[in-house]
Amino acid sequence: MSDIQNKSDNNISHNADNHLIIERKAKLNQIRNIRKNAYPNSFKPTITAYELHQKYDEKTNEELNGIMINVKVAGRVMLKRIMGKSSFITLKDNNYNIQLYVNKDMVDSTIHQEFIELDIGDIIGVSGVLFKTKTNELSIKINSCELISKNLRPLPEKFHGLTNQELCYRQRYVDLIMNKDTQDLFIKRSKIIQSIRNTLLIEDYLEVETPMMHQIPGGATAKPFITHHNTLNIPLYLRVAPELYLKRLIIGGFNRVFEINRNFRNEGLSTRHNPEFTMVEFYESYANYTRMMEITEIIIRNTAALAIGSLEFEYQGTLVDLSKPFDKLTICDAIIKYNPEYSKNQLEDKDFLRNELHRFTNNINKNASIGMLQLKLFEETTESKLWNPTYIIDYPVDISPLARLSDTDCSITERFELFIVGREIANGYSELNDPEEQAMRFKKQVEQKDNGDEEAMHYDADYINALEYGMPHTGGCGIGIDRLVMLIANAASIKDVILFPQMKPEC
RNA sequence: GGGUAGUUAGCUCAGCCGGUAGAGCAGCUGGCUUUUAACCAGUUGGUCACAAGUUCGAAUCUUGUACUACCCA
């Protein structure tokens, strides 16, 4: 800890003080000289700005004068309009504004002086009486004013706010102070997660927590972060997925479980990738992938209904419709539907697929199965066209090491991915519950790892051990919550829906 | 990893056929009795991201580096 502390000490004052900050620090020093504590903690508001508007917006000035409502409110000074005798401040309390008013002749001169000397950004507590101005704005005629926390760093410009995207991400606290849209988005995110949780609880799922630190990373083909446990002196991996632990719980006898939590993948940063991201994974025994598609559909509709109140909405300027049953297509059917120039015969011809793929990429595995070639062509030609919700089903077994084989075709699995606005939102399957088959699949993964595939899975002997106790047939699914929030909140980048996205260090 | 654009005052932005660095807001001083992006007058504030080059002279032209955004792999 102390090492890290010492290193970070170097950047503590990375923004050198300008004259604005020097002036405000001087003000703070004055306050320290006058008061015992410049950061008092005794002010207790009696009402919030939101409640004030709820209760009193409809009242007239005469009605308010008649009942003389005394209130105590706290918040941040956002705007000042100082005039000779009458002065106004716009106070922001938990994202709602309330106007404060003071008249020089009607209060003690020190209160008036303190009021007009407040800086934009200061956090204050006031008490006063409600009234309405000429323009019918609910306001508080203050009779006392206490500085609770001095603002030392000036806020961004009052009209344009903070628009510098980099600063919004790096200093989210400033973004949240200035931009109501940002606050609203993260409120929406919270509602979406609540909605997912509610839907699963109603479906009788149990919410659980499984390890974030794995001795053997598993559950997805992805490159993990690695760390070290000092006492045990072993490497630990931040999990890439909770899947194998959730299925251990199914084996343990919980019929329906889910977990909403972070996964970590050691990949690049992009508008669709943050190294830590949030997933909900849910597993239901005595179910298969058809049931998982049904419940995924319910979950996604419910989130939209709760967060935006509609199943039809715009994403980046184009309408998305969640109201109709989600389309369900195999990889080949989807290619043909969105690219009519291809025929079924062509898609079953390995040489044709290879030639076709060379138009898009030179990176084609020599040993790729026909399923893999079809998938590759799907990714190149079709994925980005799947705007309205579409389940792509029956993925090749090569890339689905934890999914159950199809009963009719042993080259494919009972697996689906859900695409909306051209992006993968969910991934689910009928779980592979045959321990011998699973052991064989793990061995294949290990071979791939030995051949240099950093994303290939490890052999998890304890998971095989668990499966050998017997796991009922089970359906499972994971939904990427960040991408779902992007969709519902109409955000272009994953950084917009993560409060503190990972950024490169500032130089 | 590759391409394109951006980086100028605390914030939002001008300036870019090279010639003393600008505005609005914020700040400071003064005025103003219901304002609301209050207004009016005056005023402080800059290593023009960083580094090298071309030039008598670079925010401006060239190259490189860093970060950010977008597109592609």
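To find a chain, count down the sequence lines: A is the first, B the second, and so on, and within it residues start at 1. FYI, side chains are in, hydrogens and waters are out, and symmetry mates aren't considered; it's all heavy atoms of this structure. As the structure is a computational prediction, the values presented were derived from the model and not from experiment.
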Say we look at [N] and [M]: how far apart would their [atom1] atoms be, to the nearest angstrom?
N      : M      : atom1 : result
A23(B) : A14(B) : C1'   : 7 Å
U55(B) : C13(B) : C1'   : 30 Å
G19(B) : A58(B) : C1'   : 10 Å

Distance check needed: [N] [atom2] versus [X] [atom1], whole Å only.
X       : N      : atom1 : atom2 : answer
M78(A)  : C25(B) : CE    : P     : 18 Å
N151(A) : C11(B) : CG    : C1'   : 13 Å
R153(A) : G27(B) : CZ    : P     : 17 Å
I120(A) : A26(B) : CD1   : C1'   : 7 Å
N97(A)  : A37(B) : CG    : P     : 12 Å
L100(A) : A38(B) : CG    : P     : 14 Å
Q502(A) : C67(B) : CD    : P     : 13 Å
H273(A) : C70(B) : NE2   : P     : 14 Å

Return yes if some donor-acceptor pair links the side-chain N/O of [X] with the main-chain N/O of [Y] below 3.5 Å, else return no.
X       : Y       : result
Q171(A) : V174(A) : no
T413(A) : Y395(A) : yes
Y56(A)  : K132(A) : no
D453(A) : K449(A) : no

So, for [X] and [Y], which heavy atoms are closest and what is the spacing to 0.1 Å?
X       : Y       : result
L138(A) : I98(A)  : O-CD1, 3.7 Å
T271(A) : A492(A) : CB-O, 4.1 Å
S400(A) : R415(A) : OG-NH1, 2.8 Å

Does [X] reach a base, just sugar-phosphate, or nothing at all? Heavy atoms under 4.0 Å.
X       : answer
K495(A) : sugar-phosphate
F131(A) : base
S87(A)  : nothing
K504(A) : sugar-phosphate
M503(A) : sugar-phosphate
L20(A)  : base

Qualifying salt bridge (Lys or Arg N to Asp or Glu O under 4.0 Å) pairs, either residue in residues 116-126 of chain A, two or more places apart: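 Applying salt bridge (Lys or Arg N to Asp or Glu O under 4.0 Å) to every pair that reaches into residues 116-126 of chain A, excluding sequence neighbours, yields R24(A)-D119(A), K27(A)-D119(A), D119(A)-K150(A), D122(A)-K150(A).
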Give every residue pair that meets the salt bridge (Lys or Arg N to Asp or Glu O under 4.0 Å) criterion with at least one member in residues 72-101 of chain A, sequence neighbours excluded. K85(A)-D105(A)
Output yes when at least one side-chain N/O atom of [X] is less than 4.0 Å from OP1 or OP2 of [N], else no.
X       : N      : result
R81(A)  : U35(B) : no
R24(A)  : A26(B) : no
K141(A) : U34(B) : no
K158(A) : A26(B) : yes

Contacts under 3.5 Å, N or O only, protein and nucleotides 12-15 of chain B:
unit_1 : atom_1 : unit_2  : atom_2 : d
U12(B) : OP1    : T163(A) : N      : 3.3
U12(B) : OP1    : T163(A) : OG1    : 3.4
U12(B) : OP1    : N164(A) : N      : 2.9
U12(B) : O3'    : T163(A) : OG1    : 3.2

Protein-nucleotides 28-33 of chain B N/O pairs closer than 3.5 Å?
unit_1 : atom_1 : unit_2  : atom_2 : d
C28(B) : OP1    : K27(A)  : NZ     : 3.2
C32(B) : N3     : G84(A)  : N      : 3.2
U33(B) : O4     : D105(A) : OD2    : 3.4

Within 6.0 angstrom of Y50(A) OH, more than 12 heavy atoms from elsewhere: no
How long is the span from the [atom1] atom in [X] to the [atom2] atom in [Y], to the nearest 0.5 Å?
X       : Y       : atom1 : atom2 : answer
K191(A) : T303(A) : NZ    : OG1   : 12.5 Å
E417(A) : T390(A) : CD    : OG1   : 12.5 Å
I412(A) : I331(A) : CD1   : CD1   : 8.5 Å
K495(A) : F500(A) : NZ    : CZ    : 15.0 Å

Quick one, give me the B/S/- string for nucleotides 45-51 of chain B, reading 5' to 3', where B means a protein heavy atom under 4.0 Å from the base and S means that only happens at the primed atoms, P, OP1 or OP2. S------
Regarding U35(B), can its base be found pairing with the side chain of Q99(A) as donor and acceptor, where the two atoms are less than 3.5 Å apart? yes
Would you say that E356(A) contacts E380(A) through its side chain, given a criterion of any heavy-atom pair below 4.5 Å between the two side chains? no
Any side-chain heavy atom of I148(A) within less than 4.5 Å of one from I124(A)? no
Need to verify one output field. Residue with the more 5' nearest nucleotide on RNA chain B, Y169(A) or F159(A)?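 This one resolves to F159(A).
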Whenever both distances are under 3.5 Å in a Watson-Crick or G-U wobble pair, mark it; put RNA chain B into dot-bracket that way, with [ ] for crossing pairs and | when the partner is on another strand. (((((((..((((.....[..)))).(((((.......))))).....(((((..]....)))))))))))).
If you check the L79(A) side chain, which of A37(B), C67(B), U34(B) turns out closest?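 When the side chain of L79(A) is considered, A37(B) is the closest of A37(B), C67(B), U34(B).
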